[in-house]
Protein chains: 2
Amino acid sequence: MPSTPTTPLANGEKSGRRGQILIAAAELFAQHGFHGVGIDDIGAAVGISGPALYRHFRSKDAMLGEMLTSISEYLLAGGESHAEHDGGPDEVLAALVRFHVDFALTHPALITVQERSFANLADTDRRQVRALQRRYVEVWVRAIRAAVPGLDQAHARSAAHAVFGLINSTPHSRHLPDDELAPLLQRLALGALRAAR
Amino acid sequence: MPSTPTTPLANGEKSGRRGQILIAAAELFAQHGFHGVGIDDIGAAVGISGPALYRHFRSKDAMLGEMLTSISEYLLAGGESHAEHDGGPDEVLAALVRFHVDFALTHPALITVQERSFANLADTDRRQVRALQRRYVEVWVRAIRAAVPGLDQAHARSAAHAVFGLINSTPHSRHLPDDELAPLLQRLALGALRAAR
DNA sequence: CGGATGTGTTAGCGAGCGCTAACACATCCG
DNA sequence: CGGATGTGTTAGCGCTCGCTAACACATCCG
């Protein structure tokens, strides 16, 4: 059975070498930036040497493309699944916050890459990732407007992006154990949205 | 008179060519990442050609170093100045938020570079920038703990970083005019901090 | 005047990049 | 067995990069 993704990279047919390579590459891209990482660095990180990567990916750009697409699909699928669940608007919003916080804490490198390497995508990949991201934002916008009355679309969208920034800042600052940081971030995010107006 | 900085780059002796180059380079670094920008690109952006930059900076690394140091010094000076002003804890915190929001909206490229290119700094520059950033964070930590009782240092520090992420996310999403976005961000940031505990 | 100083140019270096070519070998299966 | 397939290797290509060298010229000033 194909199953819905449980982990953003290394799923289904991406399991094995391909997934392993994407995970290692994401870590490196997050640390040094896309252009700061060489093909040989990525190979070395998975125990093979540079050019062997081309048995699995068409190009370095293709790695980034598949990486960001995969992340965006995972976020969208998770967001939609939580948004569909019944429960009041407050519960839905809290579930979205919890989902995103959990993702940021579990996959800090992926959050970093998603944030920073968008501009390095090839045109086609960039369009696809942007479309997926927009749909994810729209899930949030609907949830925010349902839970916080009196916000127009533009304000809700800005608030959504701001909360992403709040949650995604995690990788750069982890002075707390996850089991204290996660609830703090959830309080901060929901507190921010409650104050949106 | 030397005066305190009114603009993060292009101050005092940095006025003229040096400041102009740093501003142009910051814009390019923000768009493409440090390694994604060539010496010739920076030169072209100020109307001279590549190698002429070495009349003003020792290296490309030195440009980034001076850029981030300058930004960090500006933030720290502004933060300390607002923290010293009298007024209740709430007023001080609100002033810090307003100051940081204003900086993020006025200099989106600088915020982006400060966030993303820290890892590209040479060792010496990185140490200095880190020290300045820590002091800026400490200004916030004190203000947060004064205004939001019951937070220990670690939680306050995490909250400060989260609010930076919230405010700094602005460059990536501006669907509102500044005069609506700024108050929204201030409400979100203060709302988050109020909910920290 | 004439040297010093500051700021620009073009040519070109050495190094590192992404990627391809050519080959090696292990596994699988008709 | 023996070809097909998949996955690894090393050598090396063409290109771009940061940076230096060598030179040009304008301004300033003793």
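Lettering follows sequence order; numbering is per chain, from 1.
Between A/Trp140 and A/Phe164, the angle of the ring planes goes over 60°, which puts this pair in the perpendicular group of the 30/60° scheme.
The pair A/Glu115-B/Arg116 does not count as a salt bridge, with every side-chain nitrogen at least 4.0 angstrom from each carboxylate oxygen. Note on A/Glu66 versus A/Arg18: salt bridge recorded, some NZ/NE/NH1/NH2 to OD/OE distance being below 4.0 Å.
Rounded to whole Å, the distance from CG on B/Asp61 to C1' on D/dC17 is 13 Å. Atom OH of B/Tyr54 is separated from atom C1' of C/dC13 by 13 Å (rounded to the nearest Å). The nearest whole Å value for the distance from the CG atom in A/Asp41 to the C1' atom in C/dC19 is 15 Å. In this structure, A/Ile39 places its CD1 atom 16 Å from C1' of D/dC13, rounding to the nearest Å. Between the NZ atom of A/Lys60 and the C1' atom of C/dT20 there is a distance of 17 Å, given to the nearest Å. We find that CG of B/Asp40 is positioned 7 Å from P of D/dC17, with the value rounded to whole Å. In this entry the distance linking NE2 of B/His56 with C1' of D/dT20 reads 16 Å, nearest Å. C/dC19 atom C1' lies 11 Å from atom CG of A/Leu53, rounded to whole Å.
A donor-acceptor contact under 3.5 angstrom links the side chains of A/Gln20 and A/Arg17, judged on distance only.
For the OP1/OP2 pair of D/dC19 and a distance below 4.0 Å, the side-chain nitrogens and oxygens of B/Arg58 include no atom meeting the criterion.
Taking a pair to require two hydrogen-bonding distances under 3.5 Å in either a Watson-Crick or a G-U wobble arrangement, C/dG2 pairs with D/dC29. Summarising the base pairing, D/dT16 is matched to C/dA15 through a Watson-Crick or G-U wobble pair whose two defining distances lie under 3.5 Å. Look at D/dA24: its Watson-Crick or wobble partner, with both distances under 3.5 angstrom, is C/dT7.
Hydrophobic cluster membership differs between A/Leu190 and A/Val92, with clusters built from Ile, Leu, Val, Met, Phe, Trp and Tyr side chains linked at under 4.5 angstrom.
Nucleotides of DNA chain C nearest to A/Arg55 and A/His35 differ in position, and the one nearer the 5' end is that of A/His35.
B/Val37 comes within 4.0 angstrom of the backbone, heavy atoms only, and of no base.
The side chain of B/Ser59 sits closest to D/dC19 out of D/dC19, D/dT9, C/dT9.
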